[in-house]
Amino acid sequence: MASARPPISTRSGVTTQADIDRELAAARAEYEAARAEGAPAAHHPPRDFPPYRSSALRHPRQPLVAVQGDPETVELSAPVFGVTDVTDTDGDLTAQHPGEPLGERITVSGRLLDRRGRPVRGQLIEVWQANAAGRYAHLRDRHPAPLDPNFTGVGRVLTGDDGSYTLTTIKPGAYPWRNHENAWRPAHIHFSVFGAAFTQRLVTQMYFPGDPLFRYDPILQSVTDEAARQRLVAAYDPALSRPEWSLGYRWDIVLDGPSATWHEEDHG
Amino acid sequence: MTAPHPTPSHTVGPFYGCALPFPGGGDLAPPGHPDTITVHGYVYDGAGEPVPDALIELWQAGPDGAPARVPGSLRRDPMTGGFLGRNGVDFTGFGRIATDPDGHWTARTLPPGGPGAPYISVCVHARGLLRHLFTRVYFPGNTEANAADPLLASLDPARRETLVATAGPRPGSYRFDIRLQGDEETVFLEFT
């Protein structure tokens, strides 16, 4: 039985970082207690995570209805994306404008895998991110940091035969948001990933190692399982860094859910 | 080797607009196709307010009941990198629509075929959703097939209604609202 969550305390009607920190600590303690009682590890965040205020009115209260995996159903196939859906320059976010974007140039590379560790080939990965100053090229982003005329922050690639992908971009900056007073999001790149089945669809965010904002961020901390949270953080990889050019980060992505080829599994 | 653990899901946030929506994302049917149907509706939150920053993805079989398995939903121009548009010939079965400031979305598509009760698979992304939500649009004309559908049959009648579109005033027009929370909350699905 989950304990009641602590009330949201406020100072003059303002939720402070200290308030959020207490809520995050309580959520982690509740999760650890459940684990100690034998609950399975949670690989994904809960849909209802009060420290992330936007989840309050947007999470279903009814339990989800299980649909048994069936290779005949359309959800076990997936949209097809091919060479016509991606251009050669889409994977280099620094090459989409006449000039070079400002910021620390990075190479992000990894593999797309399914739950059995098999490469997921020829699938679409889409990314978007803020610029080096923490500003999105989006009219509704009102953060008064400079826009970069040479950076839109959008890219896409298809995975190779070994499930691999490579992106060239710049490291995004941290930025404020209005979840609570003085809320700052750690630097991150948004990833949208398709698998071999529509049920494997994933939208997530990649973070950079060593960011001091990790422990304060309700979105990252919504993943209450420590090991799962670490899987959202890329690793600096000197083998991926390019001399005099870019810093390399390695980040593998593992898709959840039934895959289109589950029935091909060896049941032995 | 031991099986790897999945990468956790995270919210799409509010600023996906520069990356994911594309012009014509809701126009799945090739232009002028005589069988085109319109499926549209609103997304509402638990306070009954429209959700203006949701992203709806549709995935469906063609009229013959089979997934199309052709690329080209979001063709890019190799010269400019810009969006080229669908080729106007192929039905790819994939659509993606951002809700407008009123929380409304519209798709023009072809009716999905069987076997079984035809449906369109829906994936809902939005700021505030730490994990996307799956649901299905079934159609009101398929009375017998819907009655025999294992998913619809497993639901009590009130909840079942949330998965069946309402026929609009014009032939081939259907309304399908998505309620993320509340008394008429849409049935959302998980795949095991």
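Chain identifiers are assigned alphabetically (A, B, ...) following the order of the sequence lines, protein sequences preceding nucleic acid strands; residue numbering begins at 1 within each chain.
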Take A:Asp85 and B:Phe22 through the test side chain to side chain contact (heavy atoms under 4.5 Å, CB included) and record every step on the way to the result. CA-CA 11 Å; A:Asp85 296 284; B:Phe22 55 95; over 6 Å; no

Determine whether A:Arg47 and B:Gln181 satisfy the following criterion, side chain to side chain contact (heavy atoms under 4.5 Å, CB included), listing intermediate values before the conclusion. CA-CA 12 Å; A:Arg47 290 185 167 81; B:Gln181 192 184 82; over 6 Å; no

Would A:Gln205 and B:Thr11 count as a side chain to side chain contact (heavy atoms under 4.5 Å, CB included) if you check the C-alpha gap in whole Å, the side-chain angles of each, and the deciding distance to 0.1 Å? CA-CA 8 Å; A:Gln205 300 174 22; B:Thr11 176; 3.9 Å; yes

A:Arg61 and B:Asp183: salt bridge (Lys or Arg N to Asp or Glu O under 4.0 Å), yes or no, with the steps? CA-CA 10 Å; A:Arg61 295 186 187 278; B:Asp183 291 341; over 6 Å; no

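No other option in A:Pro79, A:Gly155, A:Ser222 has as many heavy-atom pairs under 4.5 Å with chain B as A:Pro79. With chain A as the partner, the residue from B:Val43, B:Asp77, B:Leu151, B:Val70 showing the most heavy-atom pairs under 4.5 Å is B:Val70. With chain A as partner, the option from B:Val12, B:Val124, B:Asn87, B:Thr80 having the largest number of non-hydrogen pairs under 4.5 angstrom is B:Val12. Contact tally against chain B (heavy-atom pairs below 4.5 Å) for A:Ile253, A:Asp141, A:Val83, A:Asp252: the top residue is A:Asp141. Counting heavy-atom pairs closer than 4.5 Å to chain A, the top residue among B:Gly46, B:Gly128, B:Cys18 is B:Gly128. Among A:Gly82, A:Pro60, A:Gly153, A:Ser55, the residue making the largest number of heavy-atom pairs under 4.5 Å with chain B is A:Pro60.
Atoms CD and OG, from A:Glu75 and B:Ser121 in turn, are 3.5 Å apart once rounded to the nearest 0.5 Å. To the nearest 0.5 Å, atoms CZ (B:Arg76) and OG1 (A:Thr89) are separated by 9.0 Å.
Scored by the side-chain hydrogen bond (donor to acceptor under 3.5 Å, both in side chains) test, A:His143 finds no partners at all (sequence neighbours excluded).
Looking at B:Arg127 and A:Ser54, their side chains do bring a donor and an acceptor atom within 3.5 Å of each other.
Heavy-atom neighbours of chain A within the stretch residues 155-171 of chain B, taken at a separation under 4.5 angstrom, comprise B:Leu155, B:Arg159. Close approach to chain A, defined as a heavy atom under 4.5 Å from one of its heavy atoms, is seen in B:Leu129, B:Leu130, B:Arg131, B:His132, B:Leu133, B:Phe134, B:Arg136 of residues 129-149 of chain B, taken by number. The interface of residues 185-192 of chain B with chain A, defined by heavy-atom distances below 4.5 Å, comprises B:Glu185, B:Val187, B:Phe188, B:Leu189, B:Glu190, B:Phe191, B:Thr192.
With a 4.5 angstrom heavy-atom cutoff, B:Gln60 touches chain A only via backbone atoms. When heavy atoms are compared at a cutoff of 4.5 Å, A:Ala78 approaches chain B solely by way of its backbone atoms N, CA, C and O. In this structure, the portion of A:Val223 lying under 4.5 Å from any heavy atom of chain B is its side chain and not its backbone. Proximity to chain B is absent for every atom of A:Asp225, based on heavy atoms less than 4.5 angstrom apart. With a 4.5 Å cut-off on non-hydrogen atoms, A:Ser192 touches chain B through its side chain but not through its backbone. A:Ala56 touches chain B through its backbone: at least one of N, CA, C or O sits under 4.5 Å from a heavy atom, while the side chain does not. With a 4.5 angstrom heavy-atom cutoff, A:Trp177 does not touch chain B via any of its atoms. Of the atoms belonging to A:Ala228, heavy atoms from both backbone and side chain fall under 4.5 Å from chain B. With a 4.5 angstrom heavy-atom cutoff, A:Val127 touches chain B only via backbone atoms. Contacts between A:Glu126 and chain B at a heavy-atom distance below 4.5 Å involve the side chain alone, from C-beta outward. B:Arg86 does not touch chain A: none of its heavy atoms, backbone or side chain, sits under 4.5 Å away. For chain B, no part of A:Asp88 is nearby; none of its heavy atoms comes within less than 4.5 Å. At a 4.5 Å heavy-atom cutoff, the contact between A:Val80 and chain B is made by backbone and side-chain atoms alike.
Within the 6.0 Å centre-distance limit, the rings of A:Phe194 and B:Phe94 are counted as a close aromatic pair. The six-membered or imidazole ring of A:Tyr52 lies away from that of B:His10, with a centre-to-centre distance of 6.0 Å or more.
A 4.5 Å side-chain heavy-atom check between B:Leu180 and A:His59 finds every atom pair outside the cut-off. Side-chain contact between A:Leu202 and B:Thr7 is present, with heavy atoms from C-beta onward closer than 4.5 Å. Side-chain contact between B:Ser9 and A:His44 is present, with at least one heavy-atom pair separated by less than 4.5 Å. Put simply, the side chain of B:Pro4 does not reach to within 4.5 Å of the side chain of A:Arg115, judged on heavy atoms. In this structure the side chain of A:Tyr136 never reaches within 4.5 angstrom of the side chain of B:Pro14, judged on heavy atoms. Residues B:Pro8 and A:His43 are not in side-chain contact: their nearest non-hydrogen atoms beyond the backbone lie 4.5 Å or more apart.
The two residues A:Val74 and B:Pro67 come nearest to each other via the heavy atoms CG2-CG, 4.2 Å.
Between B:Tyr16 and A:Trp128, the ring-plane angle classifies as perpendicular under the 30° and 60° cut-offs.
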